[in-house]
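Worksheet for the structure shown next.
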Amino acid sequence: MNKKPLLGLTQTELKALAKELGMPAFTGGQIAQWIYQKHVQSIEEMTNLSKKNRELLSAEYCVGTMPHADAQYSKDGTIKYLFPTESGKQVETVFIPDRDRATLCVSCQVGCKMNCLFCQTGKQGFEGSLSVCDILNQVYALPEIDRLTNIVFMGQGEPMDNLDNVLKATQLLKAEYGLAWSPKRITVSSVGIKNKLERFLEESDCHVAISLHSPIPEQRAQLMPAEKGMPIAETVKLLEKYFPRDWSQEEEGTPHQRRLTFEYIVFGGTNDTQTHARELVKLLKDLDCRINLIRFHQIPEVDLKGADDKKMESFRDYLCNHGITTTIRASRGQDIYAACGLLSTAAKEKLQFRNNK
C-alpha cells in the first residue's frame, strides 16, 4: 500500500491531520464518521467533504480497508477469511455465527513467537506484528460486520507482544465515533508476558483470557515456553490484584465489569488427570474466574491427543463441584482448519511466493 491508511487513526489524530492539510479541524470528525460508522471503502464516498478536500486527502491517504483474498466455509457455518496486510503478508480471521451471537476471532501478528507445542501458528514462526490498520481491517472489511456481537483476540499471534497496537485497536472499537462497543464485547487472550500483561490490565477494561493448559509448572513449560519467562504462579499472583474472589474488598458501589477466563486445552492422558484437576483448584482458589475447556485438534508432528467427551465432562464436573465455573467450548470450523490452534498462513505464503516468481 503506497498511500497511508486512515483506518487506525483516532478522531483526534484525524482532526490534526485535517488541520495539517489546511482543512477545518471538524473535517477530521467527519472523516472518522465515514470510516468508523459508515464503513466507506474510499475517500470519494465521503460526500460531505468538498471535492477539493477529497482530492487533498486522496493525494497521500486512502481509507485503508482491503478485502479478503480468500474465504473457506465450514459445514457448521464458520467462515475463515484470509486478509492481506500492509506489509504484503496475510493473516487468517475466523467468523463464528451462533444463533443470536456472532464472534470474530482476530489475529494480531503474522505467525507467533510463543511457539506453544500444540499450536499450528507457532510452527509458522514469527513474521511480524500487525499494524492497527491491519487489526481493524479484519473487522471493517468483514462482509458480516453488521452481524458482529463479540470480538476475541485469539487468532494468530500473542496480543501482549503487540500491545500498543492491540490497545489502540480496542480503543477505536469502543470509541463513541466508532462501533461504540462495550468492553464486555471484547476479549483479549494472552499466555502471560512479564510487564506487558500488567500494563494491559491497567490500561484496558476488556475481558481477559489466559492460556493455562497445565497447572504444573514443569509440564506447562514443556507445552508453553512462555512459562519460563512468566511462571503461571506469578501470573495468577498478578491477576489476584484485579480479580480477587472476595469482591467485598472492593470499594462499595464499584461495579465489577471485566471477566477473567482461563483457556485449557485438554490433552488425553497428559493434563486431564485427577492431580491436574486438584492443582487447578489450588492454583485458582483466590481468583474470581472461570475455565474454558477446549478440545485438542491434532497437528502434524506433535505427539499429543485429544481427550474423549466423557473425560472432559468428568474434568469439568470436578472443577464446577469445587467452586470454579467451567464450561466445554464447542469446537467450530475444524473441517476448514479454523478451530483453536489451527490457524497458519505459512503454506499460503509459500504458494503466493511460488506464484509470484
(request) Report the relative orientation of the aromatic rings in Tyr81 and Phe83; use parallel for angles under 30°, tilted for 30 to 60°, perpendicular for over 60°. (result) tilted

(request) Kindly assign one of parallel, tilted or perpendicular to the pair Tyr140 and Tyr36, based on the angle between their ring planes and the thresholds 30° and 60°. (result) perpendicular

(message) Counting only heavy atoms not in Gln274 (residues, nucleotides, ligands), do more than 12 fall under 6.0 Å from its CD?
(response) yes

(message) For a 4.5 angstrom cut-off between non-hydrogen side-chain atoms, does Gln222 reach Leu117?
(response) no

(request) Run the salt-bridge test on Arg329 and Glu263 with the 4.0 Å N-O cut-off and return the result as yes or no. (result) yes

(message) Quick check against the 3.5 Å criterion: does Glu158 have a side-chain atom that pairs as donor or acceptor with the backbone of Val191?
(response) yes

(message) Would you compute the distance between atom OG1 of Thr93 and atom CG of Leu142 and round it to the nearest 0.5 angstrom?
(response) 8.0 Å

(message) Please report the interatomic distance CZ(Arg185) to CD1(Ile151), rounded to the nearest 0.5 Å.
(response) 8.5 Å

(message) What I want to check is whether the side chains of His276 and Gln219 have a donor and an acceptor closer together than 3.5 Å.
(response) yes

(request) Check whether any side-chain N or O of Ser204 sits under 3.5 Å from a backbone N or O of Leu201 as a donor-acceptor pair, and report yes or no. (result) no

(message) Asp161: which residues meet the salt bridge (Lys or Arg N to Asp or Glu O under 4.0 Å) condition with it, sequence neighbours left out?
(response) Lys113

(request) Please report the C-alpha distance between Val40 and Thr65 in whole Å, then the side-chain angles of each, then the deciding distance to 0.1 Å, and finally whether the side-chain contact (heavy atoms from CB on, under 4.5 Å) criterion is met. (result) CA-CA 9 Å; Val40 296; Thr65 51; over 6 Å; no

(request) Check the pair Asp134 / Lys89 against salt bridge (charged side-chain N to carboxylate O under 4.0 Å, His left out), numbers first and verdict last. (result) CA-CA 10 Å; Asp134 290 332; Lys89 300 286 186 180; over 6 Å; no

(message) Under a 3.5 Å threshold, yes or no: a donor from one side chain and an acceptor from the other, between Gln109 and Glu127?
(response) no

(message) Donor-acceptor pair, distance only, cut-off 3.5 Å: does the side chain of Thr78 make one with the backbone of Asp76?
(response) no

(request) Report the C-alpha separation of Glu60 and Lys4 in whole Å, then their side-chain angles, then the decisive distance to 0.1 Å, and conclude whether the salt bridge (charged side-chain N to carboxylate O under 4.0 Å, His left out) test is met. (result) CA-CA 6 Å; Glu60 293 183 52; Lys4 292 173 277 190; 3.4 Å; yes

(message) Is there a side-chain contact between Glu227 and Glu218 in this structure, where contact means two heavy atoms from C-beta onward sitting under 4.5 Å apart?
(response) no

(request) Would you indicate whether the side-chain heavy atoms of Leu172 and Leu179 approach each other to under 4.5 Å? (result) no

(message) Regarding Glu45 and Lys38, does a basic nitrogen lie under 4.0 Å from an acidic carboxylate oxygen?
(response) no

(message) With a 4.5 Å cut-off on side-chain heavy atoms, are Tyr61 and Leu17 touching?
(response) yes

(message) For a 4.5 angstrom cut-off between non-hydrogen side-chain atoms, does Lys282 reach Pro215?
(response) no

(message) Test of understanding: clusters of I, L, V, M, F, W, Y form through side-chain heavy atoms closer than 4.5 Å, transitively. Do Leu287 and Phe200 belong to the same one?
(response) yes

(message) Tell me whether Glu240 is salt-bridged to Arg245, with the criterion being a basic N under 4.0 Å from an acidic carboxylate O.
(response) no

(message) When you measure from the side chain of His207 to the backbone of Arg259, do you find a donor-acceptor pair of N or O atoms at a distance under 3.5 Å?
(response) yes

(request) Taking the side chain as every heavy atom from C-beta outward, state whether Val166 and Met160 have any pair of such atoms under 4.5 Å apart. (result) no

(request) Calculate, to the nearest 0.5 Å, the distance between atoms CZ and CE belonging to Phe296 and Met312 respectively. (result) 12.5 Å

(request) Please report the C-alpha distance between Lys123 and Glu301 in whole Å, then the side-chain angles of each, then the deciding distance to 0.1 Å, and finally whether the salt bridge (charged side-chain N to carboxylate O under 4.0 Å, His left out) criterion is met. (result) CA-CA 10 Å; Lys123 308 303 174 198; Glu301 300 176 17; over 6 Å; no

(message) Using ring centroids (six-membered ring only for Trp), state whether Phe118 and Phe267 fall under 6.0 Å.
(response) yes

(message) With clusters defined by side-chain heavy atoms of hydrophobic residues (ILVMFWY) lying less than 4.5 Å apart, directly or transitively, does Leu173 cluster with Ile145?
(response) yes

(message) Under a 4.0 Å threshold between the charged nitrogen and the carboxylate oxygen, would Lys174 count as salt-bridged to Asp205?
(response) yes

(message) Measuring from atom CD of Glu279 to atom CG of Asn271, what distance do you get when rounded to the nearest 0.5 angstrom?
(response) 13.0 Å

(message) Applying side-chain hydrogen bond (donor to acceptor under 3.5 Å, both in side chains), can you list everything that pairs with Asp272, at least two apart in sequence or on another chain?
(response) none

(request) Establish, from distance only, whether the side-chain atoms of Asp317 and Ser314 form a donor-acceptor pair under 3.5 Å. (result) no

(request) State whether Arg258 and Asp288 are salt-bridged, where the test is any N-O pair (Lys NZ or Arg NE/NH1/NH2 against Asp/Glu carboxylate O) under 4.0 Å. (result) no

(request) Indicate, with yes or no, if Leu163 and Phe126 share a hydrophobic cluster defined by side-chain heavy-atom contacts under 4.5 Å among Ile, Leu, Val, Met, Phe, Trp and Tyr. (result) no

(message) Side chains of Asn292 and Thr327: any donor to acceptor distance under 3.5 Å?
(response) yes

(message) What I'd like to find out is whether the side chain of Ser74 reaches to under 4.5 Å of the side chain of Lys80, using heavy atoms alone.
(response) no

(request) For Asp286 and Lys237, run salt bridge (charged side-chain N to carboxylate O under 4.0 Å, His left out): C-alpha distance rounded to whole Å, both residues' side-chain angles, the deciding distance at 0.1 Å, then the answer. (result) CA-CA 9 Å; Asp286 293 325; Lys237 201 71 182 169; over 6 Å; no

(message) One thing to verify: whether Glu44 and Arg54 come together as a salt bridge, which I'm taking to mean a side-chain N less than 4.0 angstrom from a carboxylate O.
(response) yes

(message) Do Ser107 and Glu92 pair up side chain to side chain, a donor and an acceptor below 3.5 Å, judged on atom types alone?
(response) no

(request) Mind checking the CG-CZ spacing from Asp309 to Arg316? Nearest 0.5 Å is all I need. (result) 10.0 Å

(message) Quick check on the hydrophobic clustering: are Leu284 and Ile216 connected, directly or via other members, by side-chain heavy-atom contacts under 4.5 Å?
(response) no

(message) Please determine whether the number of non-hydrogen atoms from other residues, nucleotides or ligands lying under 6.0 Å from atom CG of Asn48 exceeds 12.
(response) yes

(request) Give a yes-or-no answer on whether the side chains of Gln156 and Thr121 include a donor-acceptor pair shorter than 3.5 Å. (result) no

(request) Using the side-chain contact (heavy atoms from CB on, under 4.5 Å) rule, take Ser211 and Cys116 through it: C-alpha gap first, then chi angles, then the decisive distance, then the call. (result) CA-CA 10 Å; Ser211 298; Cys116 295; over 6 Å; no

(request) For the pair Gln41 (side chain) and His39 (backbone), establish whether a donor and an acceptor sit closer than 3.5 Å, ignoring hydrogens and angles. (result) yes

(message) For Arg101, is the CZ atom crowded, meaning more than 12 foreign heavy atoms sit under 6.0 Å from it?
(response) no

(request) Determine whether the side chains of Asn165 and Asn162 contain a donor N or O and an acceptor N or O closer than 3.5 Å. (result) yes

(request) Run through Asn53, Val63, Ile43 and flag the one making a side chain to side chain contact (heavy atoms under 4.5 Å, CB included) with Ser58. (result) Ile43

(request) Would you please test Met224 and Met114 for side-chain contact (heavy atoms from CB on, under 4.5 Å) and show each step? (result) CA-CA 7 Å; Met224 306 172 64; Met114 300 302 113; over 6 Å; no

(request) Run the numbers on Phe262 and Thr326 for side-chain contact (heavy atoms from CB on, under 4.5 Å), then give the verdict. (result) CA-CA 9 Å; Phe262 286 93; Thr326 304; over 6 Å; no

Identify each donor-acceptor pair in which a side-chain atom of residues 5-12 lies under 3.5 Å from a protein atom, sequence neighbours left out, and give them as a table.
from	atom 1	to	atom 2	distance (Å)
Thr10	OG1	Glu13	N	3.1
Thr10	OG1	Glu13	OE1	3.4

(message) With heavy-atom distances below 4.5 Å as the criterion, would you say the side chains of Thr261 and Val208 are in contact?
(response) no

